[in-house]
Colleague: 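Mind having a look at this structure? Questions to follow.
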Amino acid sequence: MSRLVLVVTTRHDQEVEERIDQNYDARHNPNDAPFGRQALLAASEVADALSSPPLTESTRSFFKSISPSVRVIATYSVGFEHIDLAAAARRKIAIAYTPDIISEATADIAILLMLGASRRASEAQEIVRTGAWRPTSSNALLGWQVGGKFLGIFGMGRAWVKQ
């Protein structure tokens with residue numbers, strides 16, 4: 001039995017690519033940049049599935065042009081607003097996505113940014129990297145204290161919706 005043909009449109013780390021190669025007859029994009037539309041359509045000829053980055057728009061005209069052999073398009077994105085789902089359904093192409101994959105990382109980064117901004121970390125790094133750091137006054141780049149403040153949260157992401 002032959003393996004399914006998977007078009008891999010962007011590069012991944014070595015471990016992921018090895019796993020893909022073990023399980024599929026993979027057509028890897030040799031470039032660092034994602035496939036353009038024409039290259040993607042050409043690579044999809046006689047392919048069973050595509051692994052697509054979130055920035056690849058899959059419009060009605062894309063689905064009219066894609067090889068009839070393609071049955072699945074997997075995007076590693078939280079949403080699928082860049083994909084015309086009605087056009088995919090007309091072609092009977094299943095769409096896969098990763099809805100919860102970055103919820104916790106996004107919350108972590110929000111806290112990181114809040115702490116970095118409060119302590120003026122970006123400014124301090126720039127001064128140190130350019131060699132401009134000079135011991136000056138005791139209040140240089142102090143920023144403000146996060147403790148004792150109130151924080152309002154608008155939305156909690158998908159992770160908090162689970163029962």
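Along the sequence shown, the residues carry numbers beginning at 1.
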Colleague: Just by distance, do the side chain of Asp108 and the backbone of Leu112 share a donor-acceptor pair under 3.5 Å?
Modeller: no
Colleague: Among all residues two or more places apart in sequence or in another chain, which pass the salt bridge (Lys or Arg N to Asp or Glu O under 4.0 Å) test with Glu18?
Modeller: none
Colleague: Could you tell me whether the side chain of Arg3 reaches within less than 4.5 Å of the side chain of Asn23, counting heavy atoms only?
Modeller: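 The answer is no; the side chains never approach within 4.5 Å.
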Colleague: Can a salt bridge be assigned to the pair Glu123 and Arg120 using a cut-off of 4.0 Å between side-chain N and carboxylate O?
Modeller: yes
Colleague: Given side chains that start at C-beta, do those of Leu141 and Arg119 come closer than 4.5 Å, heavy atoms only?
Modeller: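 Leu141 vs Arg119: side chains apart.
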Colleague: Taking Arg71 for the side chain and Ala94 for the main chain, is one N or O donor matched with an acceptor at less than 3.5 Å?
Modeller: no
Colleague: Can you tell if the side chain of Val5 reaches within under 4.5 Å of the side chain of Val46, non-hydrogen atoms only?
Modeller: no
Colleague: What pairs meet the ring-ring contact (aromatic ring centres under 6.0 Å, His included) rule with one or both residues in residues 5-46, with sequence neighbours excluded?
Modeller: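 Listed once each, the pairs are His12-Tyr76.
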Colleague: Would you name the heavy atoms of Ser44 and Ser67 that are closest together and state the gap between them?
Modeller: O-CB, 3.2 Å
Colleague: Sequence neighbours left out, what passes salt bridge (Lys or Arg N to Asp or Glu O under 4.0 Å) with Asp32? Give chain and number order.
Modeller: Arg11
Colleague: With a cut-off of 6.0 Å (strictly less than), are more than 12 heavy atoms of other residues, nucleotides or ligands near CZ of Arg91?
Modeller: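 Result for CZ/Arg91: enclosed.
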Colleague: Hey, could you give me the CD1/CD1 distance between Ile83 and Ile93, rounded to the nearest 0.5 Å?
Modeller: 10.5 Å
Colleague: Would you sort out whether Val8 and Asn29 count as a side chain to side chain contact (heavy atoms under 4.5 Å, CB included), showing the intermediate values?
Modeller: CA-CA 6 Å; Val8 183; Asn29 180 351; over 6 Å; no
Colleague: Measuring from Asp48:CG to Ser2:OG, what's the distance to the nearest 0.5 Å?
Modeller: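 So the gap between those two atoms works out to 8.0 Å.
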Colleague: Quick one: do Leu6 and Arg27 satisfy side chain to side chain contact (heavy atoms under 4.5 Å, CB included)? Show the steps, please.
Modeller: CA-CA 6 Å; Leu6 172 64; Arg27 293 184 190 158; over 6 Å; no
Colleague: Among all residues two or more places apart in sequence or in another chain, which pass the side chain to side chain contact (heavy atoms under 4.5 Å, CB included) test with Ser118?
Modeller: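 Scan of Ser118 (side chain to side chain contact (heavy atoms under 4.5 Å, CB included), adjacent residues dropped) gives Trp144, Val146.
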Colleague: Would you compute the distance between atom OG of Ser58 and atom CD1 of Ile66 and round it to the nearest 0.5 angstrom?
Modeller: 7.5 Å
Colleague: Which residues satisfy the side chain to side chain contact (heavy atoms under 4.5 Å, CB included) test with Arg60, sequence neighbours excluded?
Modeller: Lys64, Asp84, Ala87, Arg90
Colleague: Who are the ring pair (Phe, Tyr, Trp, His ring centres under 6.0 Å) partners of Phe62, not counting sequence neighbours?
Modeller: none
Colleague: Roughly how far, to the nearest 0.5 Å, is the CG atom of Asp13 from the CZ atom of Arg19?
Modeller: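 Going from CZ on Arg19 over to CG on Asp13, the span is 11.0 Å.
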Colleague: With rounding to the nearest 0.5 angstrom, report the CD1 to CG distance, Ile95 to Leu85.
Modeller: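 The CD1 atom of Ile95 sits 6.5 Å away from the CG atom of Leu85.
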Colleague: I want to check something: taking the side chain as every heavy atom from C-beta on, are Thr9 and Val7 in contact at a cut-off of under 4.5 Å?
Modeller: yes
Colleague: Minimum heavy-atom separation for Val78 to Pro99, with atom names?
Modeller: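 Shortest heavy-atom contact: CG1-O, 3.4 Å.
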Colleague: Under a 4.5 Å cut-off applied to non-hydrogen side-chain atoms, are Ser61 and Arg37 in contact?
Modeller: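 Yes. Closest side-chain heavy atoms under 4.5 Å.
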Colleague: Can you check side chain to side chain donor-acceptor pair (under 3.5 Å) on Thr75 and His82, steps first, answer last?
Modeller: CA-CA 10 Å; Thr75 178; His82 58 289; 3.3 Å; yes
Colleague: Any chance you could measure Asp21, atom CG, to Gln14, atom CD, to the nearest 0.5 Å?
Modeller: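 One gets 10.5 Å once the value is rounded to the nearest 0.5 Å.
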Colleague: Just wondering, do Phe63 and Ile73 contact through their side chains at under 4.5 Å, heavy atoms?
Modeller: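 Contact flag for Ile73/Phe63 side chains = yes.
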Colleague: Do you reckon Tyr97 sits in the same ILVMFWY cluster as Leu50, going by side-chain contacts under 4.5 Å, direct or chained?
Modeller: yes
Colleague: Would a single hydrophobic cluster contain both Leu4 and Ile20, if residues Ile, Leu, Val, Met, Phe, Trp and Tyr are joined by side-chain heavy-atom contacts under 4.5 Å?
Modeller: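 Linked, Ile20 and Leu4 end up in one cluster.
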